[in-house]
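What follows is one structure encoded as structure tokens, with my remarks underneath.
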Number of protein chains: 2
Amino acid sequence: MGKLREPLNMLYGDNCALPLALEAMGERWSFMILRAAFNGVHHFEEFQQELSIARNILSNRLSKLVDHGIMAREVMAEDRRKVRYELTEKGLELLPAMIALRQWGEKWGAGVPSTPVLVDVLDEQPIGPVTITAHDGRPIGYKELVWKHRSELQPLGQARARTDERMAPVAAE
Amino acid sequence: MGKLREPLNMLYGDNCALPLALEAMGERWSFMILRAAFNGVHHFEEFQQELSIARNILSNRLSKLVDHGIMAREVMAEDRRKVRYELTEKGLELLPAMIALRQWGEKWGAGVPSTPVLVDVLDEQPIGPVTITAHDGRPIGYKELVWKHRSELQPLGQARARTDERMAPVAAE
DNA sequence: ATTTTAGGTTGCAAAATGAAATTTAGGATG
DNA sequence: CATCCTAAATTTCATTTTGCAACCTAAAAT
């Protein structure tokens with residue numbers, strides 16, 4: 001495991017975006033609502049029926065998602081009772097995180113073959129696993145990763161020649 | 001996006017692994033504990049200090065993570081008061097999901113340059129963005145994705161626009 | 001004008017959360 | 001041995017968050 005210990009005490013100011021992401025998406029229903037949205041659900045009653053979520057919670061979560069800029073709320077012109085919730089760019093970019101979670105659940109849960117499946121529009125083949133990639137796109141696993149402080153980063157093109165004791169992989173120990 | 005509406009009502013049996021994943025990781029502190037674990041935190045008091053989390057909640061969450069097989073709990077031989085919490089394979093494989101969330105937070109949060117950063121052990125360059133990839137490794141965005149039911153899947157080889165090259169090395173970000 | 005529909009609010013009980021004190025078990029010290 | 005110390009939990013109790021059910025309101029529909 002990496003030598004460097006990330007100071008994640010948010011008391012003295014946090015320098016990791018994870019808590020930030022969790023503030024927006026860390027609540028129970030947030031990802032479920034997001035999934036429904038990715039599946040083309042746009043209206044309150046639709047969400048409510050699909051998720052069997054309490055109306056007040058749904059209301060509250062939708063508002064929060066809108067506040068966080070993940071969904072956009074638009075009162076529809078043709079029927080002004082209707083409100084349409086739409087994923088923003090910011091919301092759409094949560095897809096990798098959602099798929100990563102889902103794939104993990106699929107792999108480690110009791111053999112749940114999730115349906116439907118996301119396929120590439122070009123070849124209609126299911127997507128591959130969401131992976132971490134090196135700067136050049138090579139997929140790499142946790143064994144090939146280390147934590148580094150920004151200040152210690154090597155400029156591109158100066159790969160390290162030899163490995164010393166600071167190079168313990170993330171998962172070691 | 002998707003044409004098909006995923007029936008996510010878990011009342012009549014669910015066929016998506018996302019709720020399953022959320023059951024294990026959907027609570028507020030779960031990802032924060034996971035992050036600390038990835039950073040080399042192994043002991044109760046360490047977690048407690050780093051996260052400033054209430055002790056009872058920490059105790060409860062660690063138990064749950066152990067129950068879910070995400071962390072292993074080992075009473076240490078040399079001092080049997082001490083308990084060591086270690087990420088299992090299952091836990092380690094949550095890294096893509098965690099990084100995806102973190103990167104999302106980094107991109108959309110108020111310009112938080114997260115530190116430390118994960119780097120490739122080989123070239124010490126920071127990792128690229130976590131992306132969704134096609135079956136052949138090509139990274140694809142949400143615009144190129146559709147939902148399909150398993151039954152409708154094309155057998156591999158009958159795809160329209162095949163790209164059978166290995167990983168397209170796309171310079172990330 | 002009444003009814004229906006979409007999208008919410010309330011009110012209240014149950015559950016989750018968190019801070020602080022207490023407990024349990026194992027080690028260290030005199 | 002008797003005492004103190006430490007790591008990890010658990011208990012207690014006040015605060016928050018959740019969830020169900022019922023109610024509200026504006027805009028269509030009839």
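Everything quoted here is computed from the prediction, not taken from an experiment. To find a chain, count down the sequence lines: A is the first, B the second, and so on, and within it residues start at 1.
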Side-chain N or O of [X] versus OP1/OP2 of [N]: is the shortest distance under 4.0 Å?
X: B/H43; N: D/dA7; value: no
X: B/W29; N: C/dG18; value: yes
X: A/R81; N: D/dA29; value: no

Separation of atom [atom1] in [X] from atom [atom2] in [N], rounded to whole Å:
X: B/R28; N: D/dT18; atom1: CZ; atom2: P; value: 7 Å
X: A/K82; N: C/dG7; atom1: NZ; atom2: C1'; value: 12 Å
X: B/N56; N: D/dT16; atom1: CG; atom2: C1'; value: 14 Å
X: B/K64; N: C/dA16; atom1: NZ; atom2: P; value: 7 Å
X: A/I57; N: C/dG7; atom1: CD1; atom2: C1'; value: 16 Å
X: A/M71; N: C/dG7; atom1: CE; atom2: P; value: 13 Å
X: A/E50; N: C/dA6; atom1: CD; atom2: P; value: 15 Å

So, are [X] and [Y] salt-bridged, with charged N and O less than 4.0 Å apart?
X: A/E27; Y: A/K64; value: yes
X: A/D120; Y: B/K148; value: no
X: A/E45; Y: A/K82; value: no

Touch class at under 4.0 angstrom, heavy-atom based, for B/Y85 against every strand present: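 B/Y85: backbone/sugar contact only, no base atoms under 4.0 Å.
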Per-nucleotide pairing state of DNA chain C [Watson-Crick or G-U, under 3.5 Å; [ ] pseudoknot-crossing; | other strand]: ||||||||||||||||||||||||||||||
First encountered from the 5' end of DNA chain D, between A/R80 and A/N60: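 Looking at the nearest nucleotide for each, A/N60 comes out on the 5' side.
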